[in-house]
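One structure is given below, encoded as structure tokens.
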2 protein chains.
Amino acid sequence: MPQNLDKKDKPQKDKPDKDIPVKGKKDKYHRILNAAIKVFAEEGFFHSTISQIAKEAGVADGTIYLYFKSKDDILLQFFNFKSARVLDRFRKDVNEANDAGSRLENLIHSHLREFQKDPNMAVVFQAEARKGRYLENRVNNLTKTYLGIVGEIIEQGQVEGVFRKDLYFSLVKRFVLGSVDEVINAWVNAGGKYELSSMADPLVDLLLRGIGSRSAMAGQ
Amino acid sequence: MPQNLDKKDKPQKDKPDKDIPVKGKKDKYHRILNAAIKVFAEEGFFHSTISQIAKEAGVADGTIYLYFKSKDDILLQFFNFKSARVLDRFRKDVNEANDAGSRLENLIHSHLREFQKDPNMAVVFQAEARKGRYLENRVNNLTKTYLGIVGEIIEQGQVEGVFRKDLYFSLVKRFVLGSVDEVINAWVNAGGKYELSSMADPLVDLLLRGIGSRSAMAGQ
DNA sequence: CTGATATATGAATCTACATTCATTTAGGAA
DNA sequence: TTCCTAAATGAATGTAGATTCATATATCAG
């Protein structure tokens, strides 16, 4: 029944490291996490304060430290949690199709859909993710995995003969990621006012065909 | 001879607002600015301290406030200064060519070249530019102008018939910006270890032709 | 109901810097 | 050489805000 089943029950001194209150369930944990993301999205990570987050979550400042090691830890947990969730979704949607073309399509649809579904997440990802220095590891994981998925699709497409074979591999991956990322960025900057998902088809088309006109591209 | 020619010479109280020491010329101003950018690039803006910057620049902490209103102001000045400089370069290089295709090529070459030339700037731009809230205006200015240049090129290319006419205009612009941006990002993340400029040609090729194979794209 | 443990609280603490300013130093006019 | 003003200095100041912790409250077993 006590929270730490495997330890002697030294009443105090166990580090607030891994032990999180269990009585109140995951409920409060997520309440705080969501509140934090909302605040981060509005103020930016560095300008956000624990007090703001606490108020937003409807708890006391101190309570936050029952669930998170530090302010940084909140952001970290967020990235871990969301990255996993989102990447899962991507993979699932990609596997929904079989040919490379449809898979790329699905990936991008999924990507835009997920970000549109959770604007706060989108803002925080766009704003704090590609930055780095101290979070880099975690976020790089998201980027790495994403690039991996794209890479697989590209390779498959080349085998299928629907994608060009003369591609600078690591460049193409960045090319795809960069385009999608910037489309999301634009949407975020615009305050999420329009349908992000509606960009998916035109974007896929651009990725596949490029901006050159048929005729101009004909000569080689 | 006094620094404020147009004001009564109240000895003290003039706000350190616009007046910058002139004796020591622009020299020290730029020394501090460059030091700051170096530190920002290494530590990230929020983790950088005035003391670090001062040490790097070889001046006293207080001296910085003779040249800048605040820490934020340093970043601001940097963006203003560099944006102008860089956009100028872009325009010049774009105008070096006459047809849209070459102009796009020049823009991207120029872009990668300039960022490669000044890695600290590149890092700070990539890291702090997309954040926002309080710098947004300035940075948006860079983005806006850049998108403008791209837009002009696209339009010209459509008239010339070398670019497709069925393009979602604002999307294409983001598409171009996003790709280039992410290529720079990758380079920055890799620690600037390779020739960034060498990505220009392959990237332009991707933008123009896309990743779809000729045959696959044939059927409309 | 009673005690015991788990949670929650928020005021008090502590620290890291940004910013200021009394003093010192440098430059140059007379 | 002597003054006077511009520049530079860096220790002292002030503050915001993260983190802690002594208390208070809720939960639950018996």
Side-chain angles (χ1 to χ4, degrees), chain A residues 1-5 7-32 35-36 39-40 43-76 134, chain B residues 1-5 7-32 35-36 39-40 43-76 134:
Chain A
M1 207 54 82
Q3 56 180 191
N4 41 349
L5 297 171
K7 295 175 183 174
K8 315 262 191 33
D9 43 321
K10 290 281 187 58
Q12 237 77 62
K13 266 297 78 164
D14 29 16
K15 49 195 79 159
D17 194 89
K18 199 64 245 189
D19 302 328
I20 275 178
V22 284
K23 279 289 186 32
K25 286 159 291 179
K26 298 276 183 148
D27 180 58
K28 197 158 290 186
Y29 173 84
H30 281 105
R31 198 136 58 82
I32 293 172
V39 175
F40 290 165
E43 311 279 332
F45 177 74
F46 286 100
H47 285 151
S48 302
T49 71
I50 293 291
S51 294
Q52 283 176 108
I53 296 169
K55 178 154 41 145
E56 179 70 37
V59 301
D61 293 21
T63 305
I64 290 182
Y65 290 88
L66 264 27
Y67 295 84
F68 299 90
K69 242 195 313 290
S70 66
K71 188 182 163 192
D72 279 25
D73 188 45
I74 301 177
L75 191 55
L76 221 51
Y134 73 116
Chain B
M1 207 54 83
Q3 58 180 189
N4 41 348
L5 297 170
K7 294 174 184 173
K8 316 261 192 35
D9 43 321
K10 291 281 187 58
Q12 239 77 59
K13 266 296 79 166
D14 28 15
K15 49 192 79 157
D17 193 89
K18 199 63 245 188
D19 301 329
I20 277 178
V22 284
K23 278 288 188 32
K25 285 159 292 179
K26 299 276 183 148
D27 179 58
K28 198 159 288 185
Y29 173 85
H30 282 104
R31 197 136 58 82
I32 293 172
V39 175
F40 290 166
E43 311 279 332
F45 177 74
F46 286 101
H47 284 152
S48 302
T49 72
I50 292 292
S51 295
Q52 283 175 110
I53 296 169
K55 179 155 40 148
E56 179 70 37
V59 300
D61 293 21
T63 304
I64 289 181
Y65 290 87
L66 263 28
Y67 295 83
F68 299 90
K69 244 197 309 290
S70 65
K71 188 183 163 191
D72 278 24
D73 188 44
I74 301 177
L75 191 55
L76 220 52
Y134 70 116

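The figures here come from the full heavy-atom set of this structure, side chains too, leaving out hydrogens, waters and symmetry mates. All figures in this text were calculated on a predicted structure; none of them were measured in a lab. Below, chain A is the first sequence line, B the second, and so on; all start at residue 1.
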Separation of [N] [atom2] from [X] [atom1] (nearest whole Å):
X      : N       : atom1 : atom2 : value
I32(B) : dT9(D)  : CD1   : C1'   : 13 Å
F68(B) : dT20(C) : CZ    : C1'   : 18 Å
I64(A) : dG17(D) : CD1   : C1'   : 12 Å
R31(A) : dT7(C)  : CZ    : C1'   : 13 Å
K28(A) : dA6(C)  : NZ    : P     : 16 Å
E43(A) : dA16(D) : CD    : C1'   : 14 Å

Least distance between heavy atoms, S48(B) atom then K71(B) atom:
O-NZ, 2.8 Å
Look for any protein N or O under 3.5 Å of an N or O in nucleotides 12-19 of chain C and output each such pair with its distance, or none.
| unit_1 | atom_1 | unit_2 | atom_2 | d |
| --- | --- | --- | --- | --- |
| dA18(C) | OP1 | S48(B) | O | 3.2 |
| dA18(C) | OP1 | K71(B) | NZ | 3.2 |
| dA18(C) | OP2 | I50(B) | N | 2.7 |
| dT19(C) | OP2 | Y65(B) | OH | 3.0 |
| dT19(C) | OP2 | K71(B) | N | 3.0 |

Looking only at the aromatic ring of each residue, does the gap between the centers of H30(B) and Y67(B) stay below 6.0 angstrom?
no
Nearest-nucleotide pick for T63(B), side chain only, options being dT9(D), dA8(C), dA7(D):
dT9(D)
Side chain of L66(B), heavy atoms from C-beta onward: which of dT9(D), dA8(C), dT9(C) has the nearest atom to it?
dT9(D)
Look up atom OH in Y65(A) and atom CD1 in I32(A), then write down how far apart they are to the nearest 0.5 Å.
11.0 Å
Are K28(A) and T63(A) side-chain neighbours, meaning at least one heavy-atom pair lies under 4.5 Å?
yes
For a quick test of your reading: what N or O donor-acceptor pairs under 3.5 Å do the side chains of residues 50-60 of chain A make, sequence neighbours left out?
| unit_1 | atom_1 | unit_2 | atom_2 | d |
| --- | --- | --- | --- | --- |
| S51(A) | OG | D61(A) | OD2 | 2.8 |
| Q52(A) | NE2 | T49(A) | OG1 | 3.3 |
| E56(A) | OE2 | K38(A) | NZ | 3.2 |

Using the six-membered ring wherever Trp is involved, compare the ring planes of F68(A) and Y29(A) and label them parallel, tilted or perpendicular (cut-offs 30° and 60°).
parallel
